[in-house]
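Nothing fancy with the numbering, it's 1 onward along the sequence. In each ligand, atom 1 is the first atom listed, and ligand 1 is the first ligand listed.
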Amino acid sequence: MEYDKNNIFARILRKEIPANVVYEDDYALAFHDVNPKAPIHILVIPKGEFISFYDFMETASPGLVVGFSKAIHHVLHAFDLQEMGFRLLSNYGVHGGQEVPHYHVHIFGGRLLGRMLPEG
Ligand code: AMP
């Protein structure tokens, strides 16, 4: 599958459309999800053209993989999520139900998050 350069997160990265940004560095951008499912619901996206975790691991430089992971850690720290806990999630493909085709990690926190997955 080819990367869609006009997906909404690519446009946010290019600053063509606004986002409620909470953190940015050379590797990643983090912003509030527009439709939050928890009191804290932040998306972290890598800088570059990556569709999914799978794609990211196959093509991103080791430096970017580390930098992106550390950006997630930075946001967890900034929102003080270590003590009460959090959930990281990344959707992909038909079974995962990914909507936006730019790799992103959801950070959820701020309440009891319940069962890992809804009943199928
Ligand atoms: P996924 O199903 O993992 O692809 O999730 C995509 C997420 O992106 C959803 O939680 C949406 O609410 C969120 N989203 C879509 N458009 C925007 C936007 N412009 N700004 C912030 N979050 C967005």
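Residues Phe86 and Leu113 approach most closely at C-CD1, 4.1 Å, considering heavy atoms. For Tyr92 against Ser52, the heavy-atom pair with the smallest separation is CD1-CB, 3.3 Å.
Judged by the shortest distance from any of its heavy atoms, Gly97 lies inside the 4.0 Å radius around the atoms of ligand 1. Using a non-hydrogen distance threshold of 4.0 Å, His32 registers as a contact of ligand 1.
The N/O atoms of Gln98, backbone and side chain alike, include none that comes under 3.5 Å of an N/O atom in ligand 1. Polar contact check, His106 against ligand 1: a nitrogen or oxygen pair lies under 3.5 Å apart. Remark: ligand 1 and Val34 share an N or O pair separated by less than 3.5 Å (distance only, no angle test). The distance criterion of under 3.5 Å between nitrogen or oxygen atoms is not met by Leu43 with respect to ligand 1.
His102 and Phe50 have their aromatic ring centers separated by at least 6.0 angstrom.
Between Phe68 and Tyr103, the angle of the ring planes lies from 30° to 60°, which puts this pair in the tilted group.
The environment of NZ in Lys15 is crowded: more than 12 heavy-atom neighbours from other residues, nucleotides or ligands sit within 6.0 Å. Heavy-atom neighbours of Gln82 CD from other residues, nucleotides or ligands within 6.0 Å: at or below the threshold of 12.
Each of the following atoms of ligand 1 lies closer than 4.0 Å to a heavy atom of Ile8: 19 (N). Near Phe9, with a cut-off below 4.0 Å to any heavy atom, the atoms of ligand 1 are 8 (O), 17 (C), 23 (C). Set against the non-hydrogen atoms of His104, the atoms of ligand 1 under 4.0 Å away are 1 (P), 3 (O), 4 (O), 5 (O), 6 (C).
Of all the heavy atoms of Asp33, the ones lying under 4.0 Å from any atom of ligand 1 are found in both the backbone and the side chain.
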Problem - Residue pair His106, His41: steps toward the side-chain hydrogen bond (donor to acceptor under 3.5 Å, both in side chains) verdict - result: CA-CA 7 Å; His106 297 254; His41 184 177; 2.8 Å; yes
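The nearest heavy-atom contact from the protein to atom 2 (O) of ligand 1 is Glu99 N, 3.3 Å.
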